[in-house]
Amino acid sequence: MSNQNGDSLRPLRHSAAHIMAQAVLEVFPDAKLGIGPAIDDGFYYDFELPRPLTPDDLPMIESHMRASIAGKNEFVHGELSIEQARAKFKEQPYKLELVEAIARGELGTHGESESHPSETVSIYSHNGFTDLCAGPHVEETSDVPADAFKLMSIAGAYWRGDEKRPQLTRIYGTAWQSKKELDDYLWRLEEARKRDHRKLGKELQLFILPEEVGQGLPVWLPKGAQIRKLIEDYIYQNQVERGYQHVYSPHIGKKQLWITSGHWELYGDKMYAPMDIDGVEHLVKPMNCPMHMMVYKSQLRSYKDLPLRIAEIATVYRREQSGELTGLLRVRMITQDDAHIFVRPDQIHQEFINVIDQTLEQFRVFGFNDFQVTLSVRDPQHKEKYLGNDEQWQSAEQAIKRALDERDLSYIVEEGEAAFYGPKADFMIRDALGRKWQCTTIQVDFQLPQRFNLEYIDADGAAKQPVVLHRAPLGSMERFFAILIEHYAGAFPLWLAPVQAKIIPIADRHYEYAREVEKNLRAAGMRVELDERPERMNAKIRDAQLMKIPYMLVVGDKEAAGNAVAVRLRTGEDLKAMPLEQFIAMARRLVNAKSMELK
RNA sequence: GCCGGCGUAGCUCAGUCGGUAGAGCGUCGCACCUGUAAUGCGAAUGUCAUCAGUUCAAUUCUGAUCGCCGGCUCCA
């Protein structure tokens, strides 16, 4: 979770990490130290320990930390030559590795982002403990308030993020200026957990992930499926208005399709094992690209046909690592709002703008205004890793940059993060717990047109190669739905609410009128349910409230007499009785406007 | 996949220092007929994740398996 204090809290968190490292060394004198940076909401430190750590060990480490804090020891900054550092950290193999990396210029030496070979390393010492550290730190240990830090969890983390290196024990902690800030932070975490899509998905009966079906394979329950259908209908309509043509394609196909596309070689390990069908290997489709290439090739294309926009809300299957699966955010069945746009090189820029506009429009409709854009470009040092010539890359990267600039989007450029087939722009959204997830991707592709021999006949009569734009504005239905649930905390706007209104008769004698109301609202296109359980009105209101249903329509003697409904909003507001026709008109207006409001 | 934690009724959870388990909600039945967040009474409900081992006896101890949760880029 980011916050404005992030930077000012860095020294405090850095120091807390150091105090923790010393505490761990007091408990485990043989521990080997990895790294211990300050992070968004706290700090961590990686250790190689003689035995596995359990959460029960944390209070003991915390109490060592408190003792250290009470000692009021100064943090002293120093510099060592590489030689001195090698001697100083000779018992600490991980630190030594970092010293060598700094000497070679693979790591920044003083916190700067660029790195270059260095003659010296920066160190900090307190109370006889010296650590390799760029800093900054607080003045003394007691500047870390003893009641404003907490060790949160233990995790495994590969040394320098590399699966092939040893796995160290990571201890996560959080640290703040005051106990109140810590309590606020813990409270925010608690609130975030309340809107976790996995919890709400269960409570609101939106989806399940049955063990019997398999990991990462969701089953959408009626209410969740209703919402998804509404999202898909919106996407479909929006795309038709923007000149897209929708297609359907098979869920399996010959393996050769993905060999041709190059995906098999790169992502073969993430695909489900090929199946033999009459002696020919087939794959469950891991991406749609080849299918849409077939659509393009189904006839000879003219330059006048471009851009040709081929869309499909299509499900693909990918074998994501089991440990990476998270609710609906990371699944093995992925339904993309996919499309491939075939353009002439001179159309890349305009079409990129079109897709950006489409993405922003769609996000806005769903109530999102806060995301982070990254532009992934080629690593200029290793141009050989990418397909396509300099001119193509430069013009494509420039086209994307100009498009982002023209739409006033700030973005981070990530060199070397481009796909091998072309540059891309990604949009990230945060979930309730502050984790960032990629939704949108817009990619330029020079490779597929070549691999599939795509052509169009240009104005001069010559056959030329189109460029393909891959794009998925919302990303996947699964991930987007998860983020949507958390964004609204389950209280969906009227146009998306699976049940828009609950009809609540007060007594048995009102059932007949209640059924009439139900019939009229259904006829008016509303999604309504009638609560006919033998419960009291109060209980029915409570249950509708817990299901976050936008409207509760109470009907009793008065309403039956006046062909009315008493409208209660899920916000608790009472709109009092109004004629049924008036309620329908209000709801219809709000749905058509895709409004977030309920009145 | 790897490290750590967890796995008890549909849901949320308690419990058994080894003697085959309980609450609330939900479900079902009966009564109540109610005006804006839980009416009362009664009933049913579990291979205590799975499989093996130790034991007279395992839901409890041990091991394996499956699943879930947190973590595995963020500048020593």
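By convention in this document, chain letters (A, B, ...) are assigned in the order of the sequence lines, proteins followed by strands, and residues within each chain are numbered from 1.
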Nearest-angstrom distance, P atom, rA14(B) to rC61(B): 16 Å
Side-chain donor/acceptor contact of Q167(A) with base of rC2(B) under 3.5 Å: yes
Sugar-phosphate only, base, or nothing, as touched by R568(A) at under 4.0 Å among non-hydrogen atoms: base
Sugar-phosphate only, base, or nothing, as touched by S322(A) at under 4.0 Å among non-hydrogen atoms: base
Sugar-phosphate only, base, or nothing, as touched by H14(A) at under 4.0 Å among non-hydrogen atoms: sugar-phosphate
Residue-phosphate contact under 4.0 Å: Y172(A) side-chain N/O, rC72(B) OP1/OP2: yes
rA37(B) OP1/OP2 closer than 4.0 Å to side-chain N/O of R570(A): no
Touch class at under 4.0 angstrom, heavy-atom based, for E417(A) against every strand present: nothing
OP1 or OP2 of rG4(B) under 4.0 Å from side-chain N/O of R170(A): no
Spacing of E535(A) atom CD relative to rG40(B) atom C1', expressed in whole Å: 11 Å
Salt bridge flag under 4.0 Å for residues R330(A) and E478(A): no
Any strand: nucleotide that pairs with rC2(B) via Watson-Crick or wobble, under 3.5 Å: rG71(B)
Aromatic ring pairing Y45(A)/H18(A), orientation class (parallel under 30°, perpendicular over 60°, tilted between): perpendicular
Length of the line joining I504(A):CD1 and rU34(B):P, which is rounded to integer Å: 17 Å
Mate of rU54(B) where both pairing distances stay under 3.5 Å, Watson-Crick or G-U: none
Output field: ring centroids Y94(A)/F89(A) closer than 6.0 Å: no
Distance test, side-chain N/O of R193(A) to OP1/OP2 of rG70(B), below 4.0 Å: no
Sugar-phosphate, base or nothing in reach of L168(A), heavy atoms under 4.0 Å: nothing
Nearest-nucleotide 5' precedence on RNA chain B, K558(A) against A155(A): K558(A)
Interatomic distance, Y45(A) OH vs rC72(B) P [rounded to whole Å]: 18 Å
OP1 or OP2 of rG67(B) under 4.0 Å from side-chain N/O of Q215(A): yes
Integer-rounded Å distance: rC74(B) C1' and F43(A) CZ: 16 Å
Whole-angstrom distance between rU62(B) and rG18(B), as gauged at atom C1': 13 Å
Sugar-phosphate, base or nothing in reach of G323(A), heavy atoms under 4.0 Å: base
Touch class at under 4.0 angstrom, heavy-atom based, for A544(A) against every strand present: nothing
Atom-to-atom span, OH of Y94(A) to P of rC72(B) - whole angstrom: 18 Å
rC69(B) OP1/OP2 closer than 4.0 Å to side-chain N/O of R198(A): yes
Touch class at under 4.0 angstrom, heavy-atom based, for I154(A) against every strand present: base
Integer-rounded Å distance: rC11(B) P and I208(A) CD1: 11 Å
Distance, C1' atom - from rU73(B) to rU8(B), rounded to whole angstrom: 40 Å
Sugar-phosphate, base or nothing in reach of A21(A), heavy atoms under 4.0 Å: nothing
Touch class at under 4.0 angstrom, heavy-atom based, for D557(A) against every strand present: base
Side chain of A157(A) (C-beta onward), nearest among rC72(B), rG4(B), rG70(B): rC72(B)
Between W159(A) and E48(A): side-chain donor-acceptor atoms closer than 3.5 Å: no
Closest listed nucleotide, where the reference is the side chain of E324(A) and the choices are rA38(B), rU34(B), rC72(B): rC72(B)
H126(A)/F129(A) aromatic ring centres below 6.0 Å: yes
Whole-Å gap separating C1' (rC3(B)) and CD (E48(A)): 13 Å
Geometric class of the H137(A)/Y124(A) ring pair [parallel <30°, tilted 30-60°, perpendicular >60°]: tilted
N/O (side chain, K202(A)) to phosphate O (OP1/OP2, rU12(B)) under 4.0 Å: yes
Any Y44(A) side-chain N or O less than 4.0 Å from OP1/OP2 of rC74(B): yes
NZ/NE/NH1/NH2 to OD/OE distance under 4.0 Å, K194(A) and E191(A): yes
Interatomic distance, D508(A) CG vs rC30(B) P [rounded to whole Å]: 13 Å
Salt bridge (charged side-chain N to carboxylate O under 4.0 Å, His left out) assessment of E532(A) paired with R515(A): CA-CA 10 Å; E532(A) 287 189 281; R515(A) 288 187 196 112; 2.6 Å; yes
